[in-house]
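Being a predicted model, the structure only gives us computed values, none of them experimental. Within every chain, numbering begins at 1; the chains are lettered A, B, ... in the order of the sequence lines, protein sequences first and strands thereafter.
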Amino acid sequence: MKIGYPCINRSIGCTSGRTFRLASYSDERLEETVRGNLRCLHAILRENLKGSILFFRITSDLVPFASHPVCTVPWQETFAETFQEIGRFIREHGMRISMHPDQFVIINAKDPGIVERSVAELRYHATVLDAMHLDGTAKIQVHVGGVYGDREASMNRFASKYAHLDENVVRRLVIENDDSRYTLADCLRIHEETGVPVLFDVFHHQVNPSGEAVAEAVDLCTATWRPKDGILMTDYSTQMPGGRKGRHAESLDPALFEEFLAETAPADMDIMLEIKDKEKSALRAVGSACRDGRWFRPAQSGHNDVD
DNA sequence: TAAAGTCAAGATCAT
DNA sequence: ATGATCTTGACTTTA
């Protein structure tokens, strides 16, 4: 079990997702931004290691406009060595990586243009992970997409689009139950049809349930991940007290988190904490997972290499 | 320098 | 048809 947080570190003082306006795009600006983003990403991972935070979601803004037609420079070649260096660091320390393209990636869209842009964005994400030479356990998580008034047809459309994705995308792609459209049961059905692993979002399952108890849900999702996918990834959050329904909590409630650990034991999984204060909560959660006994202890020599 | 306005991309629901 | 919300930050312009 590894614990992580998404994209942003609030204490280190740099961000790996710096961007700029499309209107001010230039190849030089892109190169300069990516160089800074990669340097920061490496710094964040080093900082995470100090706190035994071994799971991390890399921001989709690592390479701004990467899938936009305006960007034609071969950034993966320009920064090949830096990507490999970061990848080596990740492997050496047994870290797990995910990425989460945002809401604009809709594989099951009716509009072919949206599908095309979505596919380009997925290729970009796969290219980043490939450039780091990470294996198939580094995942790209997406929601199923729109319902468009016909859930059945839209789920089928997902399956048929999925069947035509590039292999280097498919080997990393996983779907996640969302908070308003596709439930866990929907995702499991899509798994039946396509084989795509299902990432379990605990909070979405609470907000948009389909009947399964949490422990049962974890077991059902676990069964959708093959050995080459690595162990189950779970997104964990709780309701912000007093906030609108579905709003993520500001900080981890250790009692609730430990209850989650207790009710899912002994299932093994990597947990992404979607909590607003980021690494602060992750550090506390590592403590909980450690006491629980399932936390991942990296080999002392650091030889988890697959080079 | 601080505040306000705006940003590649979508879906859905309220008005 | 239009705008707000999701969710949220941070870039960019304006005061």
Side-chain angles (χ1 to χ4, degrees), chain A residues 5-30 32-34 36-37 40-41 44 57-73 75 99-125 140-151 153-155 157-158 161 175-183 186 201 203-204 206-208 235-251 272-281:
Chain A
Y5 63 96
C7 307
I8 295 168
N9 180 296
R10 297 205 180 280
S11 54
I12 200 172
C14 70
T15 149
S16 57
R18 268 203 102 108
T19 183
F20 49 86
R21 294 291 182 253
L22 180 57
S24 48
Y25 179 92
S26 72
D27 291 348
E28 295 71 31
R29 185 83 186 263
L30 181 85
E32 176 189 317
T33 304
V34 173
N37 285 349
C40 180
L41 173 60
I44 290 173
R57 183 184 298 164
I58 294 175
T59 174
S60 295
D61 285 331
L62 191 70
V63 183
F65 306 107
S67 73
H68 190 282
V70 77
C71 176
T72 57
V73 298
W75 48 268
M99 295 185 82
H100 192 350
D102 55 13
Q103 72 218 66
F104 309 108
V105 169
I106 313 280
I107 294 171
N108 76 348
K110 287 179 158 174
D111 176 345
I114 294 172
V115 176
E116 202 178 309
R117 286 189 286 279
S118 298
V119 168
E121 183 71 358
L122 290 171
R123 285 198 182 114
Y124 150 61
H125 283 77
I140 300 169
Q141 63 185 94
V142 294
H143 297 301
V144 176
V147 173
Y148 308 101
D150 187 341
R151 179 173 306 265
S154 296
M155 284 167 72
R157 212 164 43 248
F158 179 94
K161 298 292 180 194
I175 56 171
E176 170 194 350
N177 57 303
D178 67 68
D179 59 358
S180 64
R181 301 191 266 273
Y182 291 95
T183 63
D186 293 331
D201 189 307
F203 187 35
H204 291 167
Q206 185 186 325
V207 174
N208 184 25
D235 283 354
Y236 180 90
S237 185
T238 51
Q239 174 67 42
M240 176 184 282
R244 228 196 93 271
K245 187 180 171 189
R247 202 161 166 77
H248 290 186
E250 186 65 38
S251 66
M272 181 63 64
L273 295 169
E274 295 187 320
I275 309 275
K276 291 190 186 298
D277 67 4
K278 306 285 178 180
E279 76 281 359
K280 199 170 149 207
S281 283

Are the ring of A/F104 and the six-membered base ring of B/dG10 within the stacking cut-offs of under 5.5 Å and under 30°?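 Whether judged by distance or by angle, A/F104 falls short somewhere, so it does not stack on the base of B/dG10.
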
Among B/dA8, B/dA9, B/dA11, which is the nearest nucleotide to the side chain of A/R117?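 Nearest nucleotide to the side chain: B/dA9.
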
From C/dA10, B/dA11, B/dA8, pick the nucleotide closest to the side chain of A/I106?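 When the side chain of A/I106 is considered, B/dA11 is the closest of C/dA10, B/dA11, B/dA8.
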
Which atom of A/F158 lies closest to which atom of A/V144, heavy atoms considered: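 Closest approach of A/F158 to A/V144: CD1-O, 3.4 Å.
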
Which atom pair, heavy atoms only, marks the closest approach of A/D186 to A/R151?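 So the two residues come closest at OD2-NH1, 2.9 Å.
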
Under 4.0 Å, counting only non-hydrogen atoms across every strand here, what does A/F65 touch: a base, just sugar-phosphate, or nothing?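 Base: the residue A/F65, judged by heavy atoms under 4.0 Å, touches a nucleobase.
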
At under 4.0 Å between heavy atoms, what does A/V105 touch on the DNA or RNA strands: base, sugar-phosphate, or nothing?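 A/V105: no heavy atom of the nucleic acid under 4.0 Å.
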
Among A/Y236, A/F203, A/Y5, find the one that has a ring-ring contact (aromatic ring centres under 6.0 Å, His included) with A/H248.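 Answer after filtering A/Y236, A/F203, A/Y5: A/F203.
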
If I pick the P atom on B/dT6 and the same atom on C/dT7, what distance separates them, to the nearest angstrom?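 Per the computed distance, 23 Å lies between those P atoms.
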
Determine which nucleotide pairs with B/dC7, using a 3.5 Å limit on both distances of a Watson-Crick or G-U wobble pair.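 Base partner found: C/dG9.
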
Base-pairing mate for B/dT12 - Watson-Crick or G-U, with both contacts under 3.5 Å: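 Base-paired to C/dA4.
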
If you measure from [atom1] on [X] to [atom2] on [Y], what distance do you get to the nearest 0.5 Å?
X: A/I58; Y: A/H100; atom1: CD1; atom2: NE2; value: 14.5 Å
X: A/I8; Y: A/C14; atom1: CD1; atom2: SG; value: 11.5 Å
X: A/Y124; Y: A/C71; atom1: OH; atom2: SG; value: 9.5 Å

Picking from A/I175, A/V147, A/N177, what satisfies side chain to side chain contact (heavy atoms under 4.5 Å, CB included) with A/Y182?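 In the set A/I175, A/V147, A/N177, the residue that makes a side chain to side chain contact (heavy atoms under 4.5 Å, CB included) with A/Y182 is A/V147.
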
All N/O pairs under 3.5 Å across the protein-nucleotides 3-7 of chain C interface:
| from | atom 1 | to | atom 2 | distance (Å) |
| --- | --- | --- | --- | --- |
| C/dC6 | OP1 | A/R244 | NE | 3.0 |
| C/dC6 | OP1 | A/R244 | NH1 | 2.7 |
| C/dT7 | OP1 | A/D179 | OD2 | 3.2 |
| C/dT7 | OP2 | A/G246 | O | 3.4 |

Map A/E274 and A/R18 onto DNA chain C by nearest heavy atom, then report which one ends up closer to the 5' terminus.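 Comparing both residues, the 5'-ward one is A/E274.
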
Give every pair of a protein N or O atom and an N or O atom of nucleotides 12-15 of chain C that lie under 3.5 Å apart, one pair per line with the distance.
| from | atom 1 | to | atom 2 | distance (Å) |
| --- | --- | --- | --- | --- |
| C/dT12 | OP1 | A/R21 | N | 2.7 |
| C/dT12 | OP1 | A/S24 | OG | 2.8 |
| C/dT12 | OP2 | A/R29 | NH2 | 3.0 |

